[in-house]
Amino acid sequence: MAADILTQIVQDRKAAIEERGLSFGYEVPQERKRRLHPFIQEKGVVLEVKRASPSKGDIAPNLNASETALAYQEAGASAISVLTEEKYFKGNLGDLKSVCDSVDVAVLRKDFLIYPDEIDIAYKIGADAVLLIARTLTEEILQEMLLRCASFGMTAFVELRLEEDLQKLSAAAKKVPEAKIVCGVNSRDLKDFSIDLLTPLGFLNEIKNALCQNLSVIFESGIRTSQAASFAGSLGFTGLLLGEAAARDTSKAKNLVSSFVNEGETKNAAQWKDFALKSRQRKKSGTKRPFVKICGLTNLEDAKSAAELGADFLGFVLCSASPRNASEDFVREASGYFKDKKDAPFLVGVVTEIFSESGKIAMRLLKEGKLDYIQLHGIKAAEEFFSDKENLFLPHYCAASLGQESDLEKVKELCDFGEPRLLIDAKVGDKIGGTGSQVAENLVFAAAKKTPLWLAGGLSEKNVRDAIEKYSPELIDASSLLESAPGKKDHEKIKAFFEQVNKG
């Protein structure tokens, strides 16, 4: 398959339409018999009738569309999405008819629509909304499709991901003010099917500012567990479109729905929103320089030097056994110094045990707002932190040490859990961090397929440029190799490190 999967799907679909027609041989009713339903006007979940996908292969190949949709309705879904694309998703228009005849909630035809007349077909069968992927449509065709939806009273569910998608929709919508529009942002990039849970969050305010503050915006894809659904529910979206997790096991649907609907904004969500906005601004400006975290800081002089040179994150190890252990007084001093400064770095407390005295100090500083994040370094820290569900509301991320392929299972588990970012570090024996060793290349590439890459382990002024060019990480984390002694930074090394980072 082509590298750009979305383009390949659209090309194949055009060829199939030329051969079989817009209805793909399905006998379309002459008139619609089903009443129109509003599509996602209040917080709710769209569950998907989905047999397969290009990224996952078969998901539920023997799925009965009508029975599945009824189970979703019983589970509290606000709407049902029906995939009607045949080749890659194994759906069809018969599934759409079956679902529309069975349920009394809104139904979305989800497909790669490219012709306005396809909307007529969806309407006659009984759909209340159609998916329009802005990336695949010209502004003129998008405008015509909005107009066609408006003529039927249907909702246009417009998927956006790029800045030009929003510009296209904004221009088209101004010419069709009567159109009912709901927007979606896909955490899955349809070019290569990579997942980034923060992409929708970084785009949310931008969409509302360009179109309407009261606009319903839906978080699409990438949610596989109730914990991940809760995270999505905390981010400020009106809806969640969820496919694979519910389709594989409809018994999980009710819990997935309630987890999203019942979650409100949290401190964790607010902190990730701050990062997501900064990340989006960098991408829009064309900056390829990764975020930089300088870790193992023990004194204000080193922290100020790192920040002045361009550190985006400052890390304080809160572990009494570490030679880089930072005192509570120093962290408070650093927090006071950087507070309210323009473009202040994020302050991170690194812990290996939550229930230790150092861990309790870190949690206290986090709850007081002296730290922006807590970094859960190692499995023990993560397990202790997650043992109390209330902790999930606090700003945090995990660090996983990788030494062999089996360690990647923990990466997958944390991603499925809904952790939007994960720092990977080198695993050397029983040591947790500060090893001065690099993560094996094959493990770095494997981890980067599961989550945007945050990379630590053995980075210095001598090898950081090579790591950036090889892996294109979103964030790099350096500590022990930038020291003159454990816990004391070498300012010349830090300066040389940033010179290499900034070369790109």
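What you see is a predicted model; the values in this text were computed from it and never measured.
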Q: Using the side chain to side chain contact (heavy atoms under 4.5 Å, CB included) rule, pick out the option among Leu240, Leu201, Leu242, Leu241 that qualifies with Phe219.
A: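 Checked Leu240, Leu201, Leu242, Leu241 against Phe219; only one passes side chain to side chain contact (heavy atoms under 4.5 Å, CB included): Leu240.
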Q: Which residue pairs satisfy the side-chain hydrogen bond (donor to acceptor under 3.5 Å, both in side chains) criterion with at least one member in residues 38-55, sequence neighbours excluded?
A: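 Sorted result for residues 38-55: Glu48-Ser81, Glu48-Lys110, Arg51-Asp95, Ser53-Ser55.
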Q: Using a strict 4.0 Å threshold on nitrogen-to-oxygen distance, state whether Glu409 and Lys412 make a salt bridge.
A: no
Q: Which word best sums up how the rings of Tyr471 and Phe445 line up, parallel for under 30°, tilted for 30 to 60°, or perpendicular for over 60°?
A: perpendicular
Q: May I ask you to decide whether Arg35 forms a salt bridge with Asp104, counting only side-chain N to carboxylate O separations under 4.0 Å?
A: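 Asp104 and Arg35: salt-bridged.
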Q: Going through the checks in order, is the salt bridge (Lys or Arg N to Asp or Glu O under 4.0 Å) test met by Arg421 and Glu474?
A: CA-CA 10 Å; Arg421 291 295 185 269; Glu474 181 181 57; 2.5 Å; yes
Q: Which pairs count as side-chain hydrogen bond (donor to acceptor under 3.5 Å, both in side chains) when at least one residue sits in residues 139-149, sequence neighbours excluded?
A: Asp117-Arg148, Asp120-Arg148
Q: Tell me, do Leu47 and Val257 make a side-chain contact under 4.5 Å, heavy atoms counted?
A: yes
Q: Please determine, by modelled atom types, if Gln8 and Asp4 share a side-chain donor-acceptor pair under 3.5 angstrom.
A: no
Q: Does the side chain of Arg280 come within less than 4.5 Å of Lys283's, by heavy atoms?
A: no
Q: Applying salt bridge (Lys or Arg N to Asp or Glu O under 4.0 Å), run through Asp372 and Lys267 and close with a yes or a no.
A: CA-CA 10 Å; Asp372 297 305; Lys267 289 183 179 179; over 6 Å; no
Q: With a cut-off of 3.5 Å and sequence neighbours excluded, list every side-chain donor-acceptor pair involving residues 223-234.
A:
{"unit_1": "Arg224", "atom_1": "NH1", "unit_2": "Asp416", "atom_2": "OD1", "d": "3.2"}
{"unit_1": "Thr225", "atom_1": "OG1", "unit_2": "Gln227", "atom_2": "OE1", "d": "3.4"}
{"unit_1": "Thr225", "atom_1": "OG1", "unit_2": "Ala228", "atom_2": "N", "d": "3.1"}
{"unit_1": "Thr225", "atom_1": "OG1", "unit_2": "Asp416", "atom_2": "O", "d": "2.7"}
{"unit_1": "Ser230", "atom_1": "OG", "unit_2": "Ser226", "atom_2": "O", "d": "3.2"}
{"unit_1": "Ser234", "atom_1": "OG", "unit_2": "Phe231", "atom_2": "O", "d": "2.6"}

Q: In terms of side-chain heavy atoms, does His396 have a donor or acceptor partner in Glu419 at a distance below 3.5 Å?
A: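 Indeed, the side chains of His396 and Glu419 share at least one donor-acceptor pair under 3.5 Å.
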Q: Looking only at side chains, do Ser66 and Asn64 share a donor and an acceptor under 3.5 Å apart?
A: no
Q: In chain order, what residues pass the side-chain hydrogen bond (donor to acceptor under 3.5 Å, both in side chains) check against Asp274, with sequence neighbours excluded?
A: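 Testing Asp274 for side-chain hydrogen bond (donor to acceptor under 3.5 Å, both in side chains), a comparison that skips the adjacent residues, returns none.
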Q: Can you list every salt bridge (Lys or Arg N to Asp or Glu O under 4.0 Å) pair that touches residues 334-347, not counting sequence neighbours?
A: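 Those involving residues 334-347 do not exist here.
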Q: Only pairs under 3.5 Å count here: list side-chain donor-acceptor contacts from residues 125-137, not counting sequence neighbours, and write none if there are none.
A:
{"unit_1": "Asp128", "atom_1": "OD1", "unit_2": "Arg32", "atom_2": "NH2", "d": "3.0"}
{"unit_1": "Asp128", "atom_1": "OD1", "unit_2": "Arg34", "atom_2": "NH1", "d": "3.4"}
{"unit_1": "Asp128", "atom_1": "OD1", "unit_2": "His37", "atom_2": "N", "d": "2.8"}
{"unit_1": "Asp128", "atom_1": "OD2", "unit_2": "Arg34", "atom_2": "NH1", "d": "2.7"}
{"unit_1": "Asp128", "atom_1": "OD2", "unit_2": "Val107", "atom_2": "N", "d": "2.8"}
{"unit_1": "Arg135", "atom_1": "NH1", "unit_2": "Asp189", "atom_2": "OD1", "d": "3.4"}
{"unit_1": "Thr136", "atom_1": "OG1", "unit_2": "Ile133", "atom_2": "O", "d": "2.8"}

Q: Please report whether the ring centroid of Phe291 lies less than 6.0 Å from that of Phe346.
A: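 Ring centres of Phe291 and Phe346 not closer than 6.0 Å.
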Q: Aromatic rings Tyr397 and Trp454: how do their planes relate, parallel, tilted or perpendicular, breaks at 30° and 60°?
A: perpendicular
Q: Take the angle between the ring planes of Tyr373 and Trp272 and call it parallel below 30°, perpendicular above 60°, tilted in between.
A: tilted
Q: Can you name the closest pair of heavy atoms from Ala71 and Thr250 and give their distance?
A: CB-CB, 4.3 Å
